[in-house]
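Since we're looking at a predicted model, the values are computed, not measured. Chain identifiers are assigned alphabetically (A, B, ...) following the order of the sequence lines, protein sequences preceding nucleic acid strands; residue numbering begins at 1 within each chain.
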Amino acid sequence: GQQVMQIPQYQHVQEGEDFTTYCNSSTTLSNIQWYKQRPGGHPVFLIQLVKSGEVKKQKRLTFQFGEAKKNSSLHITATQTTDVGTYFCAGQGSTDKLIFGTGTRLQVFP
Amino acid sequence: EAQVTQNPRYLITVTGKKLTVTCSQNMNHEYMSWYRQDPGLGLRQIYYSMNVEVTDKGDVPEGYKVSRKEKRNFPLILESPSPNQTSLYFCASSRDTGTRRHFGNGTRLTVT
């Protein structure tokens with residue numbers, strides 16, 4: 001069945017450093033969504049990518065969808081302590097099921 | 001305010017004692033689902049519902065039941081909870097299967 005792998009599992013960075021998390025699917029996706037979960041909170045939707053090769057930006061966050069629509073990345077420039085949390089990708093394949101990755105937990109040290 | 005409301009937030013129970021976690025959304029969404037979150041495993045779907053009276057199994061349905069008698073409510077039922085169901089549970093809703101999920105605040109369940 002469809003699987004979505006996410007790496008790394010954890011990332012500790014100094015405030016001001018960049019951060020990237022990667023998402024890989026075993027099958028071609030129709031779209032991919034990204035969510036952020038603050039410690040003790042619930043996942044909150046960030047963005048959805050639909051087109052092959054799509055790149056979207058939200059302030060310091062850059063989201064990419066691969067050309068083959070099987071991978072995606074989230075890059076944060078100059079991290080801040082407010083970026084702390086777990087970032088999940090979620091891919092939707094031909095079955096319409098949305099499969100969540102295992103998440104990347106980001107810790108930012110001031 | 002558009003929201004998904006889950007109750008209770010925290011629940012400690014004993015093995016075998018039936019419990020229900022409620023979930024309600026006020027956005028008139030067709031699609032609702034339940035997830036459990038465990039360390040290192042991400043969010044795994046338990047059950048989902050595409051409309052009233054239509055429910056289907058997700059990836060980890062064993063030991064759980066759901067119902068969708070009304071559009072806004074999607075309760076999760078554990079008929080005979082076991083310790084391996086200790087987890088953080090999230091209810092989510094969306095307009096349809098392809099759109100963003102709106103999550104509730106979560107229910108942390110401990111089964112002893």
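Enclosure of atom CE in M5(A) is not indicated, since only 12 or fewer non-hydrogen atoms of other residues, nucleotides or ligands lie within 6.0 angstrom. Enclosure of atom CZ in F45(A) by more than 12 non-hydrogen atoms of other residues, nucleotides or ligands within 6.0 angstrom is indicated. Other residues, nucleotides and ligands contribute at most 12 non-hydrogen atoms within 6.0 Å of the CZ atom of R95(B). Atom CZ of R105(A) has 12 or fewer neighbouring heavy atoms from other residues, nucleotides or ligands inside a 6.0 Å radius. When the shell of 6.0 Å around CZ of R108(B) is examined, it contains 12 or fewer heavy atoms from other residues, nucleotides or ligands.
If you measure heavy-atom distances from L41(B) to chain A, the contacts under 4.5 Å come from the backbone alone. The contact between Q37(A) and chain B is made entirely by side chain atoms (from C-beta outward), counting heavy-atom distances below 4.5 Å. Residue T99(B) touches chain A through its backbone alone, counting heavy-atom pairs closer than 4.5 Å.
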Evaluate Q37(B) against F100(A) for side chain to side chain contact (heavy atoms under 4.5 Å, CB included), listing each step before the verdict.
CA-CA 10 Å; Q37(B) 184 176 18; F100(A) 280 80; over 6 Å; no

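Taking both residues in full, the closest heavy atoms of Y35(A) and R101(B) are given as OH-N, 2.9 Å, listed atom of the first, atom of the second, then distance. Considering every non-hydrogen atom in both H42(A) and F103(B), the closest pair reads CD2-O, 3.6 Å.
Per-residue counts of heavy-atom pairs under 4.5 Å with chain B were compared for A90(A), S30(A), G101(A), P43(A); the largest is that of P43(A). Interface summary for chain B: among Q48(A), Q33(A), K97(A), the most heavy-atom pairs under 4.5 angstrom belong to Q33(A). Of the listed residues (I47(A), V4(A), T102(A), I99(A)), the one with the most heavy-atom contacts under 4.5 Å to chain B is T102(A). Among L98(A), N31(A), T86(A), the residue making the largest number of heavy-atom pairs under 4.5 Å with chain B is L98(A).
By the criterion of side-chain heavy atoms lying less than 4.5 angstrom apart, applied directly or through intervening Ile, Leu, Val, Met, Phe, Trp or Tyr residues, L29(A) is grouped together with L46(A) in one hydrophobic cluster. Connection of L43(B) to V66(B) is not established within any shared hydrophobic cluster, with ILVMFWY side chains joined at heavy-atom distances below 4.5 Å, either directly or through further cluster members.
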